[in-house]
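Atoms within a ligand are numbered from 1 in the order they appear, just like the ligands themselves.
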Amino acid sequence: MEWTPKMSVGLAELDDDHKQLIRVINQLGSDYKSEDRRAAIRQSLVALRRYAEFHFAREEKVMMACAYAHLEEHQGEHRDFVQRIQELTRQFDSDPDDMAEIVNEELMNFLRDWLTQHIMIEDKAYGSTIENNPAARDAAKSFQGSQVWWSG
Ligand SMILES: [Fe+2]
């Protein structure tokens with residue numbers, strides 16, 4: 001799966017975050033085949049938690065800086081994402097050997113839906129509000145910092 005310009009929300013920093021999510025989706029595709037798939041899936045779950053913490057905070061700060069009208073509904077979707085990842089993490093931790101296949105598959109489906117439903121529709125909806133808005137750019141840049149991902 002590849003990021004394409006039609007996924008752009010109009011701000012490079014947020015697009016970069018979305019590209020990282022696509023990396024996790026691709027990573028999950030190979031996790032299941034990897035030798036230590038338990039460790040690989042666990043690593044993806046941790047990466048997703050970090051992604052949510054970092055990226056949603058950044059995105060919400062950008063929306064706040066532009067007084068985006070649908071901020072609250074959007075935050076609700078972010079909360080649902082966090083809950084779903086927590087649920088799947090619990091499910092996985094309860095029995096990593098038996099759950100690996102189910103959790104991997106559910107994660108892939110969930111993230112693919114997130115990409116098409118949330119990023120392509122809900123995130124793109126704020127595009128016209130944040131595009132060419134200096135306050136949005138400043139807010140995104142103030143969140144520069146830690147790479148939330150493992151390297152490679
Ligand atoms: Fe979002």
Taking 2.8 Å as the strict upper bound, the Fe ion (ligand 1) has protein N, O or S neighbours numbering 5
Got more than 12 heavy atoms from elsewhere within 6.0 Å of CD, E53?
-> yes
Pair listing, salt bridge (Lys or Arg N to Asp or Glu O under 4.0 Å) test, anchored in residues 28-40, at least two apart = R38-D97
Using the test side-chain hydrogen bond (donor to acceptor under 3.5 Å, both in side chains), find all partners of D93 that sit at least two apart in sequence or belong to another chain.
-> R42
Not counting sequence neighbours, list each pair that qualifies as a salt bridge (Lys or Arg N to Asp or Glu O under 4.0 Å) and has a residue in residues 2-16.
-> E13-K141, D16-K19
Could R90 and E87 be called an ion pair, given the rule that one side-chain N must be under 4.0 Å from one carboxylate O?
-> no
Please determine, by modelled atom types, if Q75 and E60 share a side-chain donor-acceptor pair under 3.5 angstrom.
-> yes
